Amino acid sequence: MSDVRHVLVLPDRDAAQEAAEALGERFGVAEEPRIVRDALAGEDDAEDAQWLVVLADEENRLDAAALDEFAAEWDGWREEP
């Protein structure tokens, strides 16, 4: 079994929370996406902080292009697994 995880990088917490909910609905994922604050953004850079939505894809069945499109709808992007 593969341990593939897709990471969507979003500009703020609200967008990350809304995108995580929409991700589950649109792609019918079994495991709810996790939201994580970018560890590289320090407290002094709160305005520049990015939020990560981490989505497990153990069966490697999610289409990367569709995830890229989805992330762009939220002014974010997808990092390669």
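Excluded from the calculations below are hydrogen atoms, water molecules and symmetry mates; all remaining heavy atoms, backbone and side chain alike, are included. From a predicted model like this one, the values you see are computed outputs, not experimental measurements.
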Spell out, yes or no, whether [X] and [Y] are grouped together once hydrophobic residues are joined by side-chain heavy atoms under 4.5 Å, including indirect joins.
| X | Y | answer |
| --- | --- | --- |
| Trp51 | Val36 | no |
| Leu10 | Leu67 | yes |
| Val53 | Phe27 | yes |
| Val29 | Val9 | no |

- [ ] For the pair Arg5 and Glu79, find out whether any cationic side-chain nitrogen is under 4.0 Å from an anionic carboxylate oxygen.
- [x] no
Task: Residue pairs fulfilling side chain to side chain donor-acceptor pair (under 3.5 Å) with at least one residue in residues 10-20, sequence neighbours excluded - done: none
Open item on the list: Under a 3.5 Å distance rule, please check whether Asp57 uses its side chain to pair with a backbone N or O of Arg61 as donor and acceptor.
Closed with: yes
Open item on the list: With rounding to the nearest 0.5 angstrom, report the NE2 to CG distance, His6 to Asp68.
Closed with: 9.5 Å
Task: Leu62 side, atom CG; Phe70 side, atom CZ - distance, nearest 0.5 Å - done: 11.5 Å
Task: Closest heavy-atom pair and its distance - Ala20, Pro33 - done: O-CG, 3.6 Å
Task: Arg78 versus Ala64, closest heavy-atom pair with distance - done: NH2-CB, 3.2 Å
Open item on the list: Do Trp74 and Leu8 have side chains that approach each other closer than 4.5 Å (heavy atoms only, starting at C-beta)?
Closed with: no
- [ ] Could you check Trp77 against Gln50 for side chain to side chain contact (heavy atoms under 4.5 Å, CB included), going step by step and ending with a plain yes or no?
- [x] CA-CA 11 Å; Trp77 70 88; Gln50 296 173 336; 3.3 Å; yes
